[in-house]
Amino acid sequence: MELAYIPSPSSGVLYLGPVPLRGYAFCIIIGVFVAVWLGNKRWIARGGRAGTVADIAVWAVPFGLVGGRLYHVITDYQLYFSEGRDWVDAFKIWEGGLGIWGAIALGALGAWIGCRRRGIPLPAYADAIAPGIAIAQAIGRWGNWFNQELYGRATDLPWAVEITSSADGRMPGTYHPTFLYESLWCIGVALLVIWADRRFTLGHGRAFALYVAGYCAGRFWIEYMRVDEAHHILGLRLNNWTAVLVFLLAVLYIVLSARKRPGREAVVEPGAGDGEGPAADAGQTDGDAAGKDASAEDATTEDATDTDDAGKPGRSEKPDESEGPAEPEESKDGAGSAKKA
């Protein structure tokens with residue numbers, strides 16, 4: 001008899017009147033917000049503008065959702081296109097089914113489009129948002145708990161998850177909560193990337209590559225524990241092979257990138273440090289006015305210190321050409337001696 005276990009919710013949907021709030025979608029939305037928030041803080045620390053991460057996420061998130069769904073539908077096509085299945089279910093993303101591999105691939109394409117429009121290097125943007133993506137995955141995995149899916153082998157451990165649904169071939173019982181294992185692993189990956197980025201000053205996409213490698217390492221053993229239906233190649237699940245391949249590519253990128261482009265980008269967003277904006281304009285105007293006042297003061301001082309030929313202070317001895325040539329001035333003794341005008 002099980003002494004303890006993690007209970008599953010009786011339903012993955014909470015209704016507020018006629019409006020359904022689905023746990024799976026709610027977890028994904030929360031994860032996206034956290035990723036953008038953390039990415040924005042890291043982007044500003046790298047020298048970028050506030051709000052840029054969110055602007056590019058407008059491109060990356062929809063692409064990522066489409067990519068994740070496409071990967072899931074293609075690799076598990078039998079769930080939607082085999083006999084007795086309804087292909088319309090392939091569009092019901094709220095019922096679960098997002099492949100992280102497709103989400104990252106197409107999400108990167110969307111991010112590239114957004115970065116290109118802003119003149120921003122994609123690797124620098126990817127480095128900034130890498131820990132946020134890992135945390136978003138950690139939060140999003142709890143959507144699988146709401147849907148009673150992605151669990152492992154049967155177990156009586158105290159942290160086992162109880163499955164009560166019998167839909168789609170499920171067998172009620174207690175199982176390894178692989179969704180929980182992956183959630184905790186993703187949090188560890190996020191902390192690893194943040195630490196390594198500070199310790200080694202990662203740049204040019206290496207922080208993102210570290211996130212990918214770290215995630216793949218955990219996904220391999222977690223995937224190996226799962227018992228849900230999947231395609232197998234040489235005794236391993238398809239996602240195991242994908243994790244191995246992507247892990248090797250990420251490590252190779254880190255090594256080659258470190259040799260070719262060591263260090264970190266000096267500028268991640270053009271014009272971010274130029275002091276543009278109303279405040280800068282106001283400061284420039286004040287500076288111009290101060291400069292003009294200083295120039296006027298200098299001119300006044302210069303006039304006041306003009307000297308005549310004898311070296312005595314006085315008015316400038318240069319005649320005013322508008323008044324015509326100077327006339328000889330008779331002396332007081334009537335000698336008619338003239339002075340220079």
Side-chain angles (χ1 to χ4, degrees), residues 28-65 67 100 103-140 186-187 189-215 250 253-254 256-284 287:
I28 292 176
I29 293 172
I30 295 298
V32 169
F33 274 103
V34 172
V36 171
W37 170 78
L38 180 58
N40 183 66
K41 289 176 66 67
R42 287 173 53 81
W43 184 252
I44 294 174
R46 291 284 299 272
R49 289 192 179 95
T52 297
V53 169
D55 292 342
I56 298 176
V58 171
W59 289 90
V61 172
F63 273 75
L65 291 175
I100 185 60
I104 294 297
L106 242 64
L109 175 60
W112 176 79
I113 295 174
C115 288
R116 185 176 177 83
R117 290 167 59 90
R118 299 289 294 265
I120 292 172
L122 177 61
Y125 180 81
D127 284 342
I129 65 173
I133 294 177
I135 294 178
Q137 287 179 254
I139 298 173
C186 287
I187 292 176
V189 170
L191 295 176
L192 171 65
V193 173
I194 292 174
W195 171 82
D197 194 24
R198 292 177 178 175
R199 175 66 178 81
F200 302 106
T201 316
L202 301 177
H204 301 286
R206 290 188 287 277
F208 184 81
L210 177 61
Y211 144 71
V212 172
Y215 173 76
Y253 179 87
I254 293 174
L256 295 180
S257 175
R259 291 179 180 178
K260 185 177 179 180
R261 308 183 70 182
R264 177 184 285 179
E265 300 90 340
V267 178
V268 297
E269 186 169 1
D274 292 345
E276 298 174 354
D281 294 340
Q284 184 176 1

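Smallest separation of non-hydrogen atoms from Ala196 and Leu210: CB-CD2, 3.5 Å. Shown here for Ala250 and Val212, the closest heavy-atom pair between the two residues is CB-CG1, 3.9 Å.
Considering CZ of Arg264 and CZ of Arg46, their distance stands at 4.5 Å, rounded to 0.5 Å. Going from atom CD1 of Ile187 over to atom CG of Leu191 covers 7.5 Å, rounded to the nearest 0.5 Å.
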Table please: side-chain donor-acceptor pairs of residues 120-136 below 3.5 Å, with sequence neighbours left out.
residue	atom	partner	partner atom	Å
Tyr125	OH	Val53	O	3.1
Asp127	OD1	Gly205	N	3.4
Asp127	OD1	Arg206	N	3.3
Asp127	OD1	Ala207	N	3.0
Asp127	OD1	Phe208	N	3.0
Asp127	OD2	His204	N	3.3
Asp127	OD2	Gly205	N	2.8

Quiz: residues 104-118 side-chain donor-acceptor pairs under 3.5 angstrom, not counting sequence neighbours:
residue	atom	partner	partner atom	Å
Arg118	NH1	Asp55	OD2	2.9
Arg118	NH2	Thr52	OG1	3.3
Arg118	NH2	Glu269	OE2	3.4

Just distance, no hydrogens or angles: give the donor-acceptor pairs under 3.5 Å from side chains in residues 56-63, sequence neighbours left out.
none

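Between the Arg49 side chain and the Gly271 main chain, a donor and an acceptor come within less than 3.5 Å of each other.
Under the 4.5 Å side-chain criterion, counting only non-hydrogen atoms from C-beta, Arg42 is in contact with Asp197. By the 4.5 Å heavy-atom criterion applied to side chains, Ile100 and Tyr215 are counted as neighbours.
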